[in-house]
Amino acid sequence: MLKVRKAVFPAAGLGTRFLPATKAMPKEMLPLVDKPIIQYGVEEALAAGCDQIVIVTGRGKTAIEDHFDVSYELEKMLEEKGKTELLAIVHHISDMIHVAYVRQKEALGLGHAVLMARELVGNEPFAVLLADDVIDAAIPCLKQMIDVYEATQCSVIATQVVEGPAISAYGVLDAKPVEGKFHGRLFEVSNMVEKPRMEDAPSNLAIIGRYVLTPRIFEALERTPLGAGGELQLTDAIRLLLQHEKVYGYCFEGKRHDTGDKAGFLKATVEFALKRPDLGEDLRIWLKGLKL
Ligand code: G1P
């Protein structure tokens with residue numbers, strides 16, 4: 001059985017929702033407390049057993065490459081000043097993993113970004129993580145999904161219930177629960193649609209940005225016409241994949257933060273800071289003192 005070793009991070013988006021902060025800085029580098037958003041995802045992939053990271057970048061994204069690279073001058077300076085804790089943090093980032101980069105020259109959509117990783121992934125199952133979706137979980141979300149992949153040998157899509165009109169911001173699954181397995185969290189997918197109108201949504205099961213995919217997805221992506229927003233949608237390609245293979249939805253355990261949204265980003269910042277031993281207590285007291 002092939003293991004899921006590679007994790008693909010589409011990171012070529014323009015980040016217009018966070019302008020002006022993202023004019024000269026990739027949105028993936030915005031910090032949640034003191035760690036760039038993309039690092040949360042990379043650490044999750046590692047904790048799930050992936051050891052090769054593929055980041056699909058575009059223009060203006062060199063800060064991401066620098067972040068995961070060795071910063072010789074910084075490490076030397078921290079060493080000389082005896083700042084061993086900070087040195088360990090900085091060194092850990094570049095030491096973590098093998099990262100490969102591939103450029104997406106045009107922003108043609110999520111499906112197109114994944115297709116760019118084809119050569120680096122090859123003929124094996126792989127994970128896709130959308131860094132915007134930061135998932136706080138006792139067992140890393142991707143690890144939960146790889147467990148499902150290993151039991152089923154099929155593609156697995158993370159899902160969560162989204163009520164009301166907000167569903168139109170997501171890909172939505174048409175799926176029915178698989179009884180007696182994975183504590184009612186597993187769904188067999190029969191169809192899926194990208195960003196439907198609320199009245200057209202086949203269910204309230206929204207796609208969240210974690211996927212484990214079989215390599216056959218690349219052939220499907222090549223056959224997929226442009227879809228919602230004039231983009232090559234991963235959701236549409238997985239719908240084509242369904243003609244050949246089973247696909248499962250998995251309702252993961254954990255809390256998902258949509259850091260691609262300003263309010264979601266702020267809430268995640270506060271929640272993560274409150275959990276930090278070095279910051280939480282002060283922040284809690286300060287928050288309680290605010291006249292709201
Ligand atoms: C992407 C996917 C969508 C999914 C969402 C989850 O959309 O296309 O199917 O529901 O991520 O965050 P985006 O938010 O990039 O428009």
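Throughout, numbering of the chain's residues begins at 1 and tracks the sequence. These numbers were taken from a predicted model, which means no experiment stands behind them. Indexing begins at 1, ligand by ligand and atom by atom, following the structure's order. Scope of the values below: all heavy atoms of this structure, side chains included, with no hydrogens, waters or symmetry mates.
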Could you tell me which atoms of ligand 1, counted from 1 in the order shown, lie closer than 4.0 angstrom to a heavy atom of [X]?
{"X": "Leu130", "result": "1 (C), 11 (O)"}
{"X": "Arg256", "result": "12 (O)"}
{"X": "Thr235", "result": "9 (O)"}
{"X": "Tyr170", "result": "10 (O)"}

>> If hydrophobic clusters are built by linking Ile, Leu, Val, Met, Phe, Trp and Tyr wherever their side-chain heavy atoms come under 4.5 Å apart, do Phe252 and Tyr211 end up in the same one?
In response: no
Starting from [atom], find the nearest protein heavy-atom neighbour and note its residue, name and distance.
{"atom": "atom 7 (O) of ligand 1", "result": "Lys195 NZ, 3.3 Å"}
{"atom": "atom 10 (O) of ligand 1", "result": "Ile207 O, 2.6 Å"}
{"atom": "atom 9 (O) of ligand 1", "result": "Glu194 OE1, 2.7 Å"}

> Within 45° of the axis and under 6.0 Å from the centre of the six-membered ring of Tyr40, does NZ or CZ of Lys35 qualify?
Replying inline: yes
Below 3.5 Å, N or O to N or O, backbone or side chain included: is there any such pair between [X] and ligand 1?
{"X": "Asp133", "result": "yes"}
{"X": "Ala169", "result": "no"}
{"X": "Gly171", "result": "yes"}

Around atom [atom1] of [X], are there more than 12 heavy atoms from other residues, nucleotides or ligands closer than 6.0 Å?
{"X": "Ile139", "atom1": "CD1", "value": "no"}
{"X": "Gln243", "atom1": "CD", "value": "yes"}
{"X": "Glu150", "atom1": "CD", "value": "yes"}

> Are Phe182 and Phe187 close enough that their ring centres sit under 6.0 Å apart?
Replying inline: no
>> Could you check, using the six-membered ring where one of them is a Trp, whether Phe265 and His257 have ring centers closer than 6.0 angstrom?
In response: no
> Is there a side chain to side chain donor-acceptor pair (under 3.5 Å) between His112 and Gln104 once you walk through the steps?
Replying inline: CA-CA 8 Å; His112 182 251; Gln104 183 184 15; 2.9 Å; yes
> Is atom 15 (O) of ligand 1 in close reach of the protein, with a heavy atom under 4.0 Å away?
Replying inline: no
